[in-house]
Amino acid sequence: MNIYALIGDPVEQSVSPEMQNAAFKEKEISGVYCKLRVSVEELAETVEGMRLMVSGFNVTIPHKETIIEHLDWVDKDASKIGAVNVVKNEANRLMGYNTDGKGAVAALKRIEELKDKNALVLGAGGAARSICYELCREGVEHLYIANRTKERAVKLCSDLRKNGCHCTVLALKDRELKEVIHNVRFLVNTTSVGMHPKSEASPIKREILHKDLIIEDIVYNPLETRLLREAESVGAKTINGVEMLVLQGAYAFEIWTGVEAPVEVMRDSAYNALLEFNKKEKK
Ligand code: ATR
């Protein structure tokens with residue numbers, strides 16, 4: 001039996017166990033995935049335990065960056081991003097990867113190729129970093145990054161430029177977004193604006209959105225955020241946060257097992273688990 005885990009704090013809301021366990025069952029792989037709440041103080045000791053006991057694990061908030069110093073090897077992309085969300089244990093050597101951005105960008109690519117198109121990313125935190133790296137790798141023509149704290153976007157943009165990416169920093173203000181959005185095809189919200197319980201908030205005004213946008217929101221609680229609802233109302237194409245969740249998990253499954261991930265099964269189990277979770281929360 002191969003053991004896999006998610007480490008983070010908090011982890012209660014995560015549906016990765018449902019998704020990965022369904023994938024193991026579907027592919028008849030002897031594996032079990034569990035979630036472990038691990039505080040910052042417990043990280044070093046937990047990772048040493050992982051080295052002896054598990055075949056692989058996921059890493060979430062607040063450990064995605066600090067995990068790196070505990071690993072034996074980090075993939076080139078994850079190293080540039082500065083964060084790891086997947087670790088594979090190969091004969092007690094811990095190898096780190098980042099599949100967050102790949103998941104989000106694969107969801108966009110299912111709708112349309114990104115090469116030579118312009119993209120606007122809202123937010124400049126950990127998720128934005130991995131998504132922006134992936135967007136640049138896909139050959140976007142120009143990347144606009146809008147963040148509440150401008151300095152954070154400036155740092156991200158300057159890191160991206162070192163990789164040959166063309167990017168511009170904006171404030172997360174409708175006035176500035178309005179200037180560029182008519183030139184943008186892909187819009188990704190990586191901020192937590194609109195997330196439960198403040199689900200009436202949106203990071204951008206409806207009046208600025210247009211029908212030629214393809215909009216992805218990485219927030220998955222609620223499944224339809226205000227941003228996505230308003231995007232649909234202006235005729236834009238939308239992708240909800242479950243897609244990134246499922247596809248980053250599918251890439252993790254493939255890294256661990258070398259077997260093609262059963263994406264449909266993983267998506268169904270993620271939806272079911274999220275609906276259950278939401279039902280319980282409402283009680
Ligand atoms: P993650 O790993 O999920 O990206 P993070 O690194 O904490 O989490 O980043 C959260 C992002 O959401 C940041 O871009 C943050 O903006 P700041 O850099 O200004 O903090 C953004 N964010 C969170 N709450 C916000 C709010 N109320 N309004 C605008 N942006 C917000």
Side-chain angles (χ1 to χ4, degrees), residues 6-16 38 40 43 58-68 77-78 80-87 96-105 107 119-135 143-160 167-178 187-206 208 215-222 225-228 230 239-249 252 274:
L6 165 69
I7 62 168
D9 188 12
V11 289
E12 291 73 31
Q13 78 295 347
S14 169
V15 299
S16 289
V38 175
V40 169
L43 181 67
N58 280 128
V59 185
T60 189
I61 290 171
H63 308 309
K64 283 187 188 183
E65 287 157 39
T66 47
I67 188 77
I68 290 180
D77 294 334
K80 278 186 194 159
I81 295 163
V84 158
N85 73 311
V86 180
V87 178
Y97 302 85
N98 193 309
T99 65
D100 282 335
K102 285 192 184 74
V105 170
L120 166 61
V121 171
L122 309 181
R129 285 190 78 84
S130 59
I131 291 170
C132 287
Y133 270 96
E134 240 9 84
L135 288 170
L143 183 58
Y144 298 97
I145 305 173
N147 198 43
R148 177 179 61 180
T149 312
K150 212 163 176 179
E151 302 77 57
R152 217 171 168 190
V154 168
K155 170 77 174 78
L156 172 55
C157 202
S158 97
D159 290 347
L160 289 165
C167 61
T168 303
V169 171
L170 304 167
L172 189 56
K173 298 240 165 68
D174 291 319
R175 201 173 0 96
E176 289 202 21
L177 300 177
K178 203 174 164 186
L187 189 161
V188 186
N189 174 43
T190 74
T191 74
S192 46
V193 180
M195 193 188 282
H196 174 83
K198 296 185 177 163
S199 49
E200 268 318 297
S202 173
I204 184 167
K205 267 218 178 74
R206 179 181 182 275
I208 304 176
I215 303 187
E216 178 173 19
D217 198 337
I218 72 165
V219 171
Y220 57 81
N221 182 12
T225 57
R226 177 170 181 175
L227 169 64
L228 294 186
E230 294 185 341
I239 303 165
N240 71 22
V242 178
E243 280 314 297
M244 167 164 154
L245 181 72
V246 169
L247 295 174
Q248 65 74 28
L274 285 169

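Order of listing sets the numbers, starting from 1, for every ligand and every atom in it.
Considering backbone and side-chain atoms together, G126 places an N or O closer than 3.5 Å to an N or O of ligand 1. Considering backbone and side-chain N/O atoms, A128 never comes within less than 3.5 Å of an N/O atom of ligand 1. For ligand 1, the polar-atom distance check against T191 finds no nitrogen or oxygen pair separated by under 3.5 Å. Among the atoms of I61, none of the N or O lies under 3.5 angstrom from an N or O of ligand 1.
Between the side chain of R226 and the main chain of S202, no donor-acceptor pair closer than 3.5 Å is present.
No salt bridge links E151 with K155; every basic N to acidic carboxylate O contact stays at or beyond 4.0 Å. For the pair K80 and D159, the salt-bridge criterion is not met [side-chain N within less than 4.0 Å of a carboxylate O]. A salt bridge between K64 and D100 is present, with a side-chain N of the basic residue lying under 4.0 Å from a carboxylate O of the acidic one.
Summary of contacts: the protein heavy atom closest to atom 25 (C) of ligand 1 is R148 NH1, 3.3 Å. Of all protein heavy atoms, the one lying nearest to atom 2 (O) of ligand 1 is A127 N, 3.5 Å. The closest protein non-hydrogen atom to atom 24 (N) of ligand 1 is S192 OG, 3.5 Å. Atom 9 (O) of ligand 1 has as its closest protein heavy atom G125 CA, 3.5 Å. Annotation: atom 17 (P) of ligand 1 to nearest protein heavy atom, T149 OG1, 3.4 Å. Atom 28 (N) of ligand 1 has its closest protein heavy atom at V193 CG2, 3.4 Å. Of all protein heavy atoms, the one closest to atom 13 (C) of ligand 1 is R152 NH1, 3.7 Å.
Taking D174 as the reference, L177, I204, K205, I208 meet the side-chain contact (heavy atoms from CB on, under 4.5 Å) condition, with sequence neighbours excluded. Applying the side chain to side chain donor-acceptor pair (under 3.5 Å) test to N221 and every residue at least two apart in sequence or in another chain returns nothing.
Interface atoms of ligand 1 facing A124, defined by a heavy-atom separation under 4.0 Å, are 14 (O). Interface atoms of ligand 1 facing G123, defined by a heavy-atom separation under 4.0 Å, are 14 (O).
At a 4.0 Å heavy-atom cut-off, ligand 1 touches N147 through the side chain alone.
Distance screen at 4.0 Å: atom 31 (C) of ligand 1 has a protein heavy-atom neighbour inside the cut-off.
When each of T168, V169, N147 is checked for a side chain to side chain contact (heavy atoms under 4.5 Å, CB included) with C157, only V169 meets the rule.
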Would N85 and N58 count as a side-chain hydrogen bond (donor to acceptor under 3.5 Å, both in side chains) here? Give the steps.
CA-CA 5 Å; N85 73 311; N58 280 128; 5.8 Å; no

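Here the CG-CD distance, from L122 to E216, works out to 11.5 Å after rounding to the nearest 0.5 Å.
C132 has its SG atom 2.5 Å or further from the SG atom of C167.
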